[in-house]
Amino acid sequence: MLTHEEPELDISEIIVMDPDNTFFMRMGSDSMRGHCILKDHVLVIDRTLQPVPGSIVVFFHEDGFYTREYQPQGTKLILKADEPKDSISIENSETWVCWGVVTLTLNPVLQPRHRTGRYARVCTC
């Protein structure tokens with residue numbers, strides 16, 4: 001006999017607001033370590049959101065994809081990384097494309113000794 005019944009949890013209902021415009025990507029560097037986003041963490045990206053100051057965005061600039069903090073400053077845009085040398089400054093005439101806003105990250109906590117058998121690819125970060 002059940003004494004307490006919980007509603008079914010569907011992780012996609014929690015992390016995906018717009019299935020047609022939500023994408024997953026692995027972080028390619030440690031440039032956002034200060035935001036607890038490490039290399040190989042999984043990013044959940046919504047392409048319909050417009051960035052606001054402080055948003056973490058995935059963007060395309062000069063033949064590459066980057067993940068940085070969106071910081072508009074007057075006539076230029078700073079796409080800020082933890083280290084100033086990794087930040088990107090965009091002037092009005094430069095082309096960049098905001099590919100989407102990061103809504104959350106999936107950070108692995110599974111210990112390496114557990115990553116065997118069917119668990120071998122669970123958040124293999």
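The model shown is predicted, which means the values in this text are computed figures rather than measured ones. When reading the values below, keep in mind they use all heavy atoms of this one structure, side chains included, and skip hydrogens, waters and symmetry mates.
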J.: Counting C-beta onward and ignoring hydrogens, is there a side-chain heavy-atom pair between P19 and S12 closer than 4.5 Å?
T.: no
J.: Working to the nearest 0.5 Å, report the span between NE2 of H41 and CZ of R26.
T.: 9.5 Å
J.: When you group the ILVMFWY residues by side-chain heavy-atom contacts below 4.5 Å and let the links chain together, are V101 and L77 in the same group?
T.: yes
J.: Roughly how far, to the nearest 0.5 Å, is OG of S31 from CD of E69?
T.: 11.5 Å
J.: Given the rule that I, L, V, M, F, W and Y join up when any side-chain heavy atoms are under 4.5 Å apart, are I45 and L38 in one cluster?
T.: no
J.: Compute whether any side-chain donor of one residue and acceptor of the other, for S87 and R68, lie under 3.5 angstrom apart.
T.: no
J.: State the CD1-CG distance between I15 and D10, to the nearest 0.5 angstrom.
T.: 9.5 Å
J.: Between F60 and W99, is the ring centre distance below 6.0 Å?
T.: no
J.: Would you mind reporting whether I56 and I37 have side-chain heavy atoms less than 4.5 Å apart?
T.: yes
J.: What distance separates M32 CE from L43 CG, expressed to the nearest 0.5 Å?
T.: 9.5 Å
J.: Side chains of V16 and D18, heavy atoms from C-beta outward: is any pair under 4.5 Å?
T.: no
J.: Is there side-chain contact between F65 and V58, with heavy atoms separated by less than 4.5 Å?
T.: yes
J.: Applying the side chain to side chain contact (heavy atoms under 4.5 Å, CB included) test to V44, which of T105, T103, V102 qualifies?
T.: T103
J.: Looking at CG of L79 and OG1 of T67, how far apart are the two atoms once the value is rounded to the nearest 0.5 Å?
T.: 10.5 Å
J.: Same cluster or not: L9 versus L106, using hydrophobic residues (I, L, V, M, F, W, Y) connected whenever any side-chain heavy atoms lie under 4.5 Å apart?
T.: yes
J.: Do you reckon V52 sits in the same ILVMFWY cluster as V57, going by side-chain contacts under 4.5 Å, direct or chained?
T.: no
J.: Got I88 and F59 here, is their nearest side-chain heavy-atom distance under 4.5 Å?
T.: yes
J.: Could you go through I78 and Y70, starting from their C-alpha distance and side-chain angles, then the distance that decides it, and tell me whether this counts as side chain to side chain contact (heavy atoms under 4.5 Å, CB included)?
T.: CA-CA 7 Å; I78 304 297; Y70 179 83; over 6 Å; no
J.: Supply the atom-to-atom distance T75 OG1 to I90 CD1, rounded to the nearest 0.5 angstrom.
T.: 12.5 Å
J.: Tell me whether D82 contacts the main-chain N or O of R33 through its side chain, where contact means a donor paired with an acceptor under 3.5 Å.
T.: yes
J.: For the side chain of H61 and the backbone of V97, is there at least one donor-acceptor N/O pair under 3.5 Å apart?
T.: no
J.: Are side-chain heavy atoms of S89 and K76 found at a separation under 4.5 Å?
T.: yes
J.: Does V42 reach the side chain of M25, with side-chain heavy atoms less than 4.5 Å apart?
T.: no
J.: Could you check D20 against T48 for side chain to side chain contact (heavy atoms under 4.5 Å, CB included), going step by step and ending with a plain yes or no?
T.: CA-CA 10 Å; D20 293 332; T48 63; over 6 Å; no
